[in-house]
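These numbers come from a predicted model, not from an experiment. Just so we're on the same page: letters track the sequence lines, and every chain starts at 1.
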There are 2 protein chains.
Amino acid sequence: MITEQPTFKALADPTRRAILRQLANSDMTIAQVSNNFDMTRAAVKKHLTVLSDGGLITVRTRGRERVNALNPDGFAPVRDWLGFFEQFWDDRLTDLKTAIEKDRSND
Amino acid sequence: MITEQPTFKALADPTRRAILRQLANSDMTIAQVSNNFDMTRAAVKKHLTVLSDGGLITVRTRGRERVNALNPDGFAPVRDWLGFFEQFWDDRLTDLKTAIEKDRSND
DNA sequence: TTGACCTGATACCAAAAGGTTTCATATTTA
DNA sequence: TAAATATGAAACCTTTTGGTATCAGGTCAA
């Protein structure tokens, strides 16, 4: 609801996740990214816009080109969100352990 | 493309992520989950189906009720996917460090 | 058995998403 | 300057998505 929504939305599409993997290897212009997918440049451009909105990539201008680059920090919202659950499970395990210890002391 | 798509898709909706947080606290029937959201039971049921398809929750029958529970293992595909990028960045840092060391040895 | 209760499933709707086509604009470069 | 290159943006189309309303079926309790 806060600001994590654009990130999760950006990751929901398989084409966009594939683009991110491409960008992990090297920065690419829109045309370069387009060459790797079976769709028009306009469609790829839309995906790049969504990825940018989600903070997962950055775009810099180089002459008439736009160079897209992965933004490692953009993954933070997702990692944090997953972290909530992991923390939760850790706490649950701790509680379970405590309960067992307590039960043993009652023997 | 493999089997991670249903998981990412399930996480893309804010209502579904909210449901997961609810289920982190305790297992709930469809009716119980519905009480916490401003939409019909049918709509919530659809969301639960998507979450189940994504492997993020499990559903067990208890009489005439369906009890929905969080499935911790369901998050693995997302963690693994994120892991690829983290591994990648680690390698990049290692390469950078190596390059710097090599450069220094040339002084 | 008979209601009351919990859920499944279907039909239907409006809005969003993913694509394409087309045209305009900015940069290079011959 | 002119042509080629790289992109932005808008209009349009089809499918998916998130929701509702409605009805049928299984389960519990009096």
N/O-N/O pairs, protein side and nucleotides 11-13 of chain C side, under 3.5 Å:
none

Could you list the protein-to-nucleotides 4-7 of chain D atom pairs, N/O on both sides, closer than 3.5 Å?
unit_1	atom_1	unit_2	atom_2	d
D/dT5	O4'	A/R64	NH1	3.4
D/dT5	O2	A/R64	NH1	3.1
D/dT7	OP1	A/I30	N	3.2
D/dT7	OP2	A/A31	N	3.0

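The CE atom of A/M39 sits 15 Å away from the C1' atom of D/dT14 (whole-angstrom rounding). Taking atom CG of A/L48 as the reference point, atom C1' of C/dG18 lies 14 Å away to the nearest angstrom. Rounded to an integer number of Å, the gap from CG of A/D13 to P of C/dA17 is 11 Å. Atom CZ in B/F37 sits roughly 14 Å away from atom P in D/dG18 (whole-Å rounding). Rounded to a whole Å, the NZ atom of B/K9 is 12 Å from the C1' atom of D/dT15. Between the CZ atom of B/R62 and the P atom of C/dC5 there is a distance of 17 Å, given to the nearest Å. For the pair A/F8 CZ and D/dG18 P, the computed distance is 15 Å after rounding to whole Å.
For the side-chain contact (heavy atoms from CB on, under 4.5 Å) test, residues two or more places apart in sequence or in another chain that qualify with B/L96 are B/I100. The side-chain contact (heavy atoms from CB on, under 4.5 Å) check on A/N36 picks up A/Q22, A/M28, with sequence neighbours excluded. Applying the side-chain contact (heavy atoms from CB on, under 4.5 Å) criterion to A/T15, with sequence neighbours excluded, gives A/D13, A/I19, A/F37, A/M39, A/H47. Every side-chain contact (heavy atoms from CB on, under 4.5 Å) that B/D53 has, sequence neighbours left out, goes to B/T49.
In this structure, A/H47 does not reach the C/dA17 phosphate: none of its side-chain N or O atoms is under 4.0 Å from OP1 or OP2.
For the atom pair CG (B/L48) and CG (B/L20), the distance works out to 9.0 Å, reported to the nearest 0.5 Å.
For residues 25-36 of chain B, every residue pair satisfying the salt bridge (charged side-chain N to carboxylate O under 4.0 Å, His left out) rule, not counting sequence neighbours, is listed here: B/D27-B/R60. Counting only residues at least two apart or in different chains, salt bridge (charged side-chain N to carboxylate O under 4.0 Å, His left out) contacts with residues 35-51 of chain B are absent.
Closest to the side chain of A/T40, out of C/dT20, D/dT20, C/dG19, is C/dT20.
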Give the table of side-chain donor-acceptor pairs shorter than 3.5 Å for residues 67-86 of chain A, with sequence neighbours excluded, one pair per line with atom names and distance.
unit_1	atom_1	unit_2	atom_2	d
A/N71	ND2	A/G55	O	2.9

